[in-house]
> 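So that we are looking at the same thing, I have put the structure below in structure tokens.
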Amino acid sequence: MVVQRLIRAVIMGPPGSGKGTVSGRIIKTFGLQHISSGDILRANIEEKTELGLLMKSCIDQGQLVPDAIMSRIILSNLRRIDHSGWLLDGFPRTVPQAEALDQAYVIDTVINLDVPFQTIKERLTSRWTHIASGRVYNTDFNPPKVPGLDNITGEPLVQRDDDKPETVTRRLKSYETQTEPVLEYYRSKGVLESFSGTETNKIWPHVEAFLHRKFSSLSQRAA
Ligand code: AMP
């Protein structure tokens, strides 16, 4: 009898690397549960729990939530869903978090989206928004009819703070400093799988093929 062994995976990649899109496709294709640390934090903040308030102050100040709190929240969420396979997104962000995760579970694979920072900068900084409606344009592949103006109202478009070149550079820099040691940690354990490219649609088939191979080798070993 072939027993489908549960897969426990982590996805990593800088902001703007297409991690959201790739996660969505992995979950749909392989039937994994998705656990996103950012989503869990935002839900706690919305519920205005005591923990939520503490987290909000960290996030508002652009800081990471302390490792002990973060690890506790994620591990308790994982325990609830561990009857099926899962994909962790946004956690671990530090080596102590990776160690806490390791003490509870064996991680089968860590998928790393390796998209050049220059590509991400171009992608994010070409995004312009019409604030009142939320309509988003991209100067490369979805430009407004008149440069700088909304197609419907003719009002001026603005660049959100998050999409301004200096903010994008700062976010990428802090991702690099925080997560490079985590990538190294998983590389030394032999579970890191990096996928390089500049377009999500070209990276995805490689991720998909790799996971198909991974699933079938885990199933065979469990049989
Ligand atoms: P995200 O949506 O993943 O960018 O997360 C939003 C914010 O939540 C981050 O900027 C951090 O302040 C916090 N956060 C998310 N995941 C973690 C984590 N694993 N460790 C610490 N802080 C986190």
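Sequence positions, counted from 1, serve as the residue numbers for this chain. Each ligand, and each atom within it, is numbered from 1 in the order the structure gives. The analysis underlying the following values was restricted to heavy atoms, covering all of them including side chains, and did not include hydrogens, waters or symmetry mates.
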> What's the shortest distance from atom 14 (N) of ligand 1 to any protein heavy atom, and which residue and atom give it?
L41 CD1, 3.4 Å

> Check K164 with D161, please: is the shortest side-chain N to carboxylate O separation under 4.0 Å?
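Salt bridge: yes.
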
> Under 4.0 Å between a Lys/Arg side-chain N and an Asp/Glu carboxylate O for D108 and R8?
no

> Tell me the protein heavy atom at minimum distance from atom 18 (C) of ligand 1, and give that distance in Å.
M70 CG, 3.5 Å

> May I ask you to check whether G90 has an N/O atom sitting below 3.5 Å from an N/O atom of ligand 1?
yes

> Starting from atom 3 (O) of ligand 1, locate the nearest protein heavy atom and write down its residue, its atom name and how far away it is, to 0.1 Å.
R93 NH2, 3.0 Å

> Could you give me the CA-CA distance, side-chain angles and deciding distance for R135 and D150, then say whether salt bridge (charged side-chain N to carboxylate O under 4.0 Å, His left out) is met?
CA-CA 8 Å; R135 273 185 287 281; D150 178 47; 2.9 Å; yes

> Over 60° means perpendicular and under 30° means parallel, so classify the ring planes of F30 and F215, tilted if in between.
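If you compare the ring of F215 with that of F30, the planes turn out parallel.
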
> List the closest protein heavy-atom neighbour of atom 16 (N) of ligand 1: residue, atom name, distance to the nearest 0.1 Å.
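Checking every protein heavy atom, the shortest distance to atom 16 (N) of ligand 1 gives S37 OG, 2.7 Å.
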
> Of all the non-hydrogen atoms in the protein, which one sits nearest to atom 11 (C) of ligand 1, and at what distance?
Q63 O, 3.9 Å

> Would you say the side-chain atoms of T119 pair up with the backbone N or O of V115, donor to acceptor, closer than 3.5 Å?
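No, T119 side chain to V115 backbone: no donor-acceptor pair under 3.5 Å.
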
> List the steps, then state whether side-chain contact (heavy atoms from CB on, under 4.5 Å) holds for T129 with L157.
CA-CA 5 Å; T129 307; L157 301 174; over 6 Å; no

> At under 4.0 Å between heavy atoms, is it the side chain or the backbone of V65 that contacts ligand 1, or both, or neither?
both

> With a 4.0 Å cut-off on heavy atoms, is R42 touching ligand 1?
yes

> When you measure from the side chain of R123 to the backbone of T198, do you find a donor-acceptor pair of N or O atoms at a distance under 3.5 Å?
yes

> Just heavy atoms, cut-off under 4.0 Å: does Q97 contact ligand 1 by side chain, backbone, both, or neither?
side chain

